[in-house]
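Below is one structure, written out as structure tokens; the observations come after it.
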Amino acid sequence: MRVSRCVRACARLILLVILTLAALLAPPPSRLLAVAPAGEDGATPAVGRAWPVGVRPRVLRGWKPPETAYGRGHRGVDLAAAPGTPVRAVAAGRVSFAGRVAGRGVVSVELTGTGDPPLRTTYEPVRASVSEGTEVTAGEVVGTVEPTGSHCTAPCVHWGLLRGDVHLDPLTLLPPWLLHRGPSRLLPVLGVPLPR
């Protein structure tokens, strides 16, 4: 009887260790990133190689598709970014527009090798440092965040994604390793003697 109790206790301990490790290794939950993984729907390949601003900017407002073509929604993602922050192309492509729209600086990049019509990213409010027709690489600076013209309550850059006239979630451009990269986590080492 003692042996069976010991076996059950060991089995529970092993299960507890496995569940703990699974919880520690799982990516952090985020309601703003609750979208289909990049490229899963086949419409958006995960061609992104850099965030538009910073290393892992805070998402102030996520993508919310409208119910109708002219309905309410949020046709992009707002990323926290101070005025003057460099704005980078998330993937290689050609600048299809760099100028002002309704008083805001806008840069638009057609992404290379993303089908017909090609995917197009937009960034605003941005003071462009590139001109129309310029070829850019992933991570290349296309401008800086302007101090005014944002629709956010805090300083931000609005990042959009389109295929033709259809708005898509720009976060789907980023591969999982770039979306969910978090701080390193130290795990307990069982059965290894402590250094003296």
Practice item. Considering non-hydrogen atoms only, spot the tightest contact between Pro57 and Ala80 and give its length. Key: CB-O, 4.0 Å

Exercise for review: For Thr85 and Val145, indicate whether the former's side chain and the latter's backbone hold a donor-acceptor pair under 3.5 Å.
Suggested key: no

Review point. What's the verdict on salt bridge (charged side-chain N to carboxylate O under 4.0 Å, His left out) for Arg94 and Glu110, showing C-alpha distance, side-chain angles and the deciding distance?
Key: CA-CA 5 Å; Arg94 183 185 59 79; Glu110 273 187 9; 3.3 Å; yes

Review point. Considering all heavy atoms of both residues, which atom of Gly48 and which atom of Pro175 are nearest to each other, and what is their separation?
Key: O-CD, 3.2 Å

Point to revise | Common cluster, Val95/Val53, ILVMFWY with side-chain heavy-atom separation under 4.5 Å | key: yes

Revision key, fill the gap. Nearest heavy-atom approach of Gly71 to Pro66 is O-CB, 3.4 Å

Practice item. Decide side-chain contact (heavy atoms from CB on, under 4.5 Å) for Leu173 and Leu119; before the verdict, give the C-alpha distance in whole Å, the side-chain angles of both, and the deciding distance to 0.1 Å. Key: CA-CA 10 Å; Leu173 280 176; Leu119 290 171; 4.0 Å; yes

Review point. Where do Gly143 and Ser129 come nearest, in terms of heavy atoms and distance?
Key: N-OG, 3.2 Å

Point to revise | Close side-chain approach of Pro170 to Val77, heavy-atom, < 4.5 Å | key: yes

What donor-acceptor contacts under 3.5 angstrom involve side-chain atoms of residues 102-109, with partners at least two apart or in another chain?
unit_1: Arg104; atom_1: NE; unit_2: Gly149; atom_2: O; d: 2.5
unit_1: Arg104; atom_1: NH1; unit_2: Glu124; atom_2: OE1; d: 3.1
unit_1: Ser108; atom_1: OG; unit_2: Ser96; atom_2: OG; d: 3.3
unit_1: Ser108; atom_1: OG; unit_2: Thr121; atom_2: O; d: 3.3

Exercise for review: Mind checking the CG-CG spacing from Leu111 to Leu161? Nearest 0.5 Å is all I need.
Suggested key: 7.0 Å

Review point. Trp63, Leu162: one ILVMFWY side-chain cluster at the under-4.5 Å cut-off?
Key: no

Review point. Hey, are the side chains of Glu146 and Pro83 touching, using non-hydrogen atoms and a 4.5 Å cut-off?
Key: no

**Study point:** Which atom of Gly164 lies closest to which atom of Pro117, heavy atoms considered
**Key:** N-CG, 3.8 Å

Exercise for review: Please check if the side chain of Thr144 supplies one atom and the backbone of Gly84 the other of a donor-acceptor pair under 3.5 Å.
Suggested key: no

Point to revise | Beyond-backbone contact of Val142 with Val136, side-chain heavy atoms, under 4.5 angstrom | key: yes

Point to revise | In one Ile/Leu/Val/Met/Phe/Trp/Tyr side-chain cluster, 4.5 Å: Val141, Leu79 | key: no

Check your understanding: Does any N or O in the side chain of Arg163 come within less than 3.5 Å of the main-chain N or O of Thr114, such that one atom is a donor and the other an acceptor?
Key -> yes

**Study point:** Within one Ile-Leu-Val-Met-Phe-Trp-Tyr cluster: Leu171 and Val166, side-chain cutoff 4.5 Å
**Key:** yes

Review point. Which word best sums up how the rings of His158 and His74 line up, parallel for under 30°, tilted for 30 to 60°, or perpendicular for over 60°?
Key: perpendicular

Check your understanding: What is the distance from atom CZ of Arg75 to atom CG of Asp169, rounded to the nearest 0.5 Å?
Key -> 13.5 Å

Check your understanding: Any chance CZ of Arg100 has more than 12 other-residue heavy atoms, nucleotides or ligands included, within less than 6.0 Å?
Key -> yes

Check your understanding: Would you say the side chain of Asp78 lies within less than 4.5 Å of the side chain of Val59, judging by non-hydrogen atoms?
Key -> no

Study note, to complete from the structure: What one should report as the nearest heavy-atom pair of Gly73 and Arg61 is O-NH2, 4.0 Å

Check your understanding: Shared ILVMFWY cluster between Trp51 and Tyr123, side chains joined below 4.5 angstrom?
Key -> yes

Practice item. Determine whether Thr122 and Phe97 make a side-chain contact, defined as any pair of heavy atoms from C-beta on separated by less than 4.5 Å. Key: no

